Amino acid sequence: MGSFEIKPNIYWVGARDWNVRFFHGPAFSTHRGTTYNCYLIKDEIITLVDTVHEPFTEEMLNNLQEVINVKDIKQIVMNHIEPDHSGALPKLVQLVGQDVKIICSGKGKEAIEEHYGSGYNFQVVKTGDTISTGKNSLTFIEASMLHWPDSMFTYIKEEALLLPNDAFGQHLCVSELFDDKVDAGHLMGEAQKYYANILTPFSQLIIKKIQEIVSMDIKIDMIAPSHGIIWRQDPMKIVNAYLDWAKSEGKDKIVVVYETMWESTEQLAKAIVEGIMESGVSVSLHRMCQSDRNDLLQEVLDAKGLIVGSATINNSILPNLAPFLEELEVLKFKNKVGAAFGSHGWAGGAVEKIERFFNVSKIKIVKEGFKIKYKPTKEDLLNAKAFGKIIAEEVKKG
Ligand code: FEO
């Protein structure tokens with residue numbers, strides 16, 4: 001028994017991907033797996049909302065078959081066409097019949113045709129359009145660029161149920177897919193990691209979209225996203241968390257990320273951390289080669305300050321720091337202060353390179369980079385500690 005009822009005659013019929021450890025190719029680490037959620041509305045007009053990643057098609061079909069005869073599906077709402085939600089669509093359409101109605105946004109239609117070819121029976125919808133399935137009505141809310149141009153949400157008024165696809169989701173695979181059944185720390189951590197790594201660039205759109213939904217004055221007592229758990233106990237908890245993360249204000253906390261060649265930069269990093277701790281500001285320290293880039297980006301969202309250090313090689317940074325710094329550039333976190341540090345030999349360059357990344361990422365440099373030659377002396381370490389204190393004071397100013 002894989003399917004389960006989330007509301008009267010509305011069923012989860014998705015798939016669990018327990019073992020996936022990277023998502024979006026190698027771009028996103030998924031330590032706790034993920035799920036591909038899709039929902040069946042068993043009404044007069046049997047309707048499926050979203051599908052699953054193609055390798056999980058059989059699992060979805062088995063779950064559907066538990067509730068209905070798959071051939072009885074009359075329409076499929078595609079909230080989003082990324083392959084983790086649309087991969088099973090061609091096989092499903094083949095089984096149900098080519099005339100099954102595909103309901104999606106205008107951009108969704110384009111994306112389906114560009115992924116899977118033409119010949120589908122589309123009904124294009126826009127914000128405010130409503131269709132009846134019998135006892136239930138489905139209202140659509142376009143959510144372009146949250147996070148693809150085609151994205152939209154489906155709202156079922158009779159059950160106060162919002163199906164927002166990727167929004168409010170998390171890469172988390174558990175046996176009981178409800179917010180009241182999982183560890184709250186794991187849940188909010190995974191939701192925050194998802195936001196930090198995928199949604200941060202769209203923060204202004206997220207604030208506007210949430211305001212738009214609030215202004216529609218609709219009741220929401222369950223949010224069922226397309227990844228991870230379903231918010232039934234406290235759906236507003238994740239909505240409020242999104243509003244908070246979208247502001248990107250962060251806590252009085254500094255994240256120190258470094259890479260070292262002969263431990264000199266590492267000694268500086270530890271001295272800087274000591275200075276921050278003495279100032280009473282929370283801090284976490286991460287050597288890049290032993291850290292997960294996506295976890296670090298989640299920490300950056302959660303913090304006000306970021307300090308990055310590198311030894312110099314060929315007048316630049318140690319290369320394994322580059323992907324992290326490049327992500328800062330594209331994610332564009334707001335309201336962060338930063339500083340750089342590092343040890344060099346006969347010529348520098350790493351600190352300046354980090355500062356260039358900070359500038360393009362709009363991270364405000366609050367103190368000129370801290371640089372030493374070769375190995376740190378006792379005085380250098382004291383100065384590094386003082387450097388940490390200065391950044392901590394800047395973070396406290398907020
Ligand atoms: Fe879960 Fe944008 O796909």
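Residue numbers run from 1 in the order of the sequence given. Read the numbers this way: they start at 1 and go in the same order the structure lists the ligands and their atoms. All values derive from a computational prediction rather than experimental measurement.
The side chain to side chain donor-acceptor pair (under 3.5 Å) test with H186 is passed by exactly one of Q170, R32, H31: R32. Considering K193, R293, H171, R21 as possible partners of S29, the one that fulfils the side chain to side chain donor-acceptor pair (under 3.5 Å) test is K193.
You'll find the side chain of E212 reaches within 4.5 Å of the side chain of T127, heavy atoms only.
Atom 1 (Fe) of ligand 1 has an N, O or S atom of D166 inside 2.8 Å of it.
The atom name of the N/O/S atom in E82 closest to atom 2 (Fe) of ligand 1 is OE1. Residue-level check: among N/O/S atoms of D84, OD2 sits closest to atom 1 (Fe) of ligand 1.
Salt bridge present: E278 and K389 bring a charged side-chain N and a carboxylate O closer than 4.0 Å.
Between the NE2 atom of H85 and the NE2 atom of H227, the angle taken at atom 1 (Fe) of ligand 1 works out to 90° after rounding to 10°.
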